[in-house]
Visitor: 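Please read through the structure below; I'll follow up with questions.
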Amino acid sequence: ITAGAYRPTQIIAGASETGPATVVISGLAVGMISTVPPVLYIFAATIATYSMAAEVTVREGFEVDGNFGIAIAAVGMLSTLGVTLATDAYGPVADNAGGIAEMAGMPPYVRERTDALDALGNTTAATGKGFAIGSAVLTALALLAAFTGAANLRSVDLLDVAVLPGIFIGTCLPYVFASLTMTAVNTSAQAIIREVRRQFR
C-alpha cells in the first residue's frame, strides 16, 4: 500500500500541490486511519480462535478452554516472524540500488524499477511490524488468561473474550475521529490555498 499506485499514497502526494502543511496533515490522517484494519483483524482473530478452541473443548471433552486457541494463534503468527523480519532487509537494499543507479547516471527506467522495488520493500517492512504487533497482542491475551487461571482470579472482566478486543476497538476510535477531522481540515485548507493562488494570478 506504500506504492504510488495505491490511494493512500496518492492522497498524500496530491496534498503536496498546496504546500508542506497539507502534506503533514494528510500524512497524519492517513496514518491514523490505518490503525483500524489491524485492530479489526486482531478482534476477528481473537473471537474466531477462541470460539473454535471452545467448540473443540466441548465436543472432545478436553480440559482446556478457548484461550488455548488464542495461544495457538499467537504461536502460529510467531512461527513465521523470522521469515517476515528477514524480508525487512529488502527495502534498504532496493533503496540503495536506486541511489546507486541515479548517481551512476543510468537511464530513467532503471530508477523507476528500483522505486517500485523500494515501495515493495516498505510494504514488507510494514507487514513485518504488523505481524509482530498482532502476535504480541494475542500472546498478551493468552498470558493474561493463564495468569488469572493460575492465581484463581475469576472477577477480572478481561476474561470475557469480547472485552479485550473491544478495548482495542475503543482505543482505536480517537485515531479514527482525529483522522476524519484532519482530513476535513486538509480538504478545506487545500481549497483555501487554491483560491488564494487563483486570486493572486
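Counting from 1, the numbers follow the sequence of the chain as shown.
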Visitor: Output every pair passing salt bridge (charged side-chain N to carboxylate O under 4.0 Å, His left out) with a member in residues 175-193, not counting sequence neighbours, ordered by first then second residue.
Guide: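 Counting only pairs at least two positions apart or across chains, no salt bridge (charged side-chain N to carboxylate O under 4.0 Å, His left out) contact touches residues 175-193.
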Visitor: Quick one: hydrophobic cluster around V110, which other residues, with the 4.5 Å side-chain cut-off, linked directly or via members?
Guide: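 V110 shares its hydrophobic cluster with M106, Y109.
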Visitor: According to side-chain hydrogen bond (donor to acceptor under 3.5 Å, both in side chains), who are the partners of T18, at least two apart in sequence or on a separate chain?
Guide: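 side-chain hydrogen bond (donor to acceptor under 3.5 Å, both in side chains) check on T18 returns T22.
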Visitor: Run the side chain to side chain contact (heavy atoms under 4.5 Å, CB included) test against E195 and tell me which residues pass, sequence neighbours left out.
Guide: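 Side chain to side chain contact (heavy atoms under 4.5 Å, CB included) list for E195, sorted by chain: R198, Q199.
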Visitor: Testing the basics here: between I11 and S26, what is the closest heavy-atom pair and its distance to 0.1 Å?
Guide: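 Looks like CG2-OG, 3.5 Å.
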Visitor: Using the test side chain to side chain contact (heavy atoms under 4.5 Å, CB included), find all partners of L117 that sit at least two apart in sequence or belong to another chain.
Guide: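 Partners of L117 under the side chain to side chain contact (heavy atoms under 4.5 Å, CB included) test: Y90, A94.
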Visitor: What heavy-atom pair brings V23 and S16 nearest, and what distance separates the two atoms?
Guide: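 Where V23 meets S16 most closely, the heavy atoms are CG2-CA, 3.3 Å.
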Visitor: Other than M182, which residues form its hydrophobic cluster under the rule that side-chain heavy atoms must be closer than 4.5 Å?
Guide: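 Taking Ile, Leu, Val, Met, Phe, Trp and Tyr as members, M182 shares its hydrophobic cluster with V24, I25, L28, M32, Y175, V185.
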Visitor: What do the steps show when you test R111 against T114 for side-chain contact (heavy atoms from CB on, under 4.5 Å), and what is the final call?
Guide: CA-CA 5 Å; R111 182 63 188 178; T114 57; 3.8 Å; yes
Visitor: Could I get the full list of side chain to side chain contact (heavy atoms under 4.5 Å, CB included) partners for F200, not counting sequence neighbours?
Guide: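 Partners of F200 under the side chain to side chain contact (heavy atoms under 4.5 Å, CB included) test: V196.
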Visitor: On a heavy-atom basis, which atom in T35 and which in P38 lie closest, and how many Å separate them?
Guide: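 Nearest heavy atoms, T35 then P38: O-CD, 3.4 Å.
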Visitor: According to salt bridge (charged side-chain N to carboxylate O under 4.0 Å, His left out), does anything in residues 16-29 pair up with another residue at least two apart or in another chain? List the pairs.
Guide: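 Applying salt bridge (charged side-chain N to carboxylate O under 4.0 Å, His left out) to every pair that reaches into residues 16-29, excluding sequence neighbours, yields E17-R194.
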Visitor: In this structure, would I12 and I33 fall into the same cluster of hydrophobic residues linked by side-chain contacts under 4.5 Å?
Guide: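 Different clusters.
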Visitor: About how many Å separate CG of L173 and OG of S179, when rounded to the nearest 0.5 Å?
Guide: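 Nearest 0.5 Å value for the OG-CG distance: 12.0 Å.
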Visitor: Does anything in residues 37-50 pair up under salt bridge (charged side-chain N to carboxylate O under 4.0 Å, His left out), and if so which pairs, sequence neighbours excluded?
Guide: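 Salt bridge (charged side-chain N to carboxylate O under 4.0 Å, His left out) check on residues 37-50 returns no pairs.
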Visitor: Which atoms form the tightest heavy-atom contact between S34 and P37, and what is the distance?
Guide: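 It is O-CD, 3.5 Å.
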Visitor: Using the test side chain to side chain contact (heavy atoms under 4.5 Å, CB included), find all partners of L40 that sit at least two apart in sequence or belong to another chain.
Guide: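 With neighbours one apart ignored, the set is V36, I169.
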Visitor: Is there any salt bridge (charged side-chain N to carboxylate O under 4.0 Å, His left out) pair reaching into residues 67-77, and which pairs are they, with sequence neighbours excluded?
Guide: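 Residue pairs with at least one partner in residues 67-77: there are none.
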Visitor: If Ile, Leu, Val, Met, Phe, Trp and Tyr residues are connected whenever their side-chain heavy atoms lie under 4.5 Å apart, and connections chain through other members, are V30 and V39 in the same group?
Guide: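 No, V30 and V39 fall in different hydrophobic clusters.
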Visitor: Are T46 and I70 packed together at the side-chain level, in the sense that at least one heavy-atom pair is separated by less than 4.5 angstrom?
Guide: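 T46 reaches I70 side chain to side chain.
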Visitor: With sequence neighbours excluded, what pairs up with N96 under the side-chain hydrogen bond (donor to acceptor under 3.5 Å, both in side chains) test?
Guide: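 Expected list: none.
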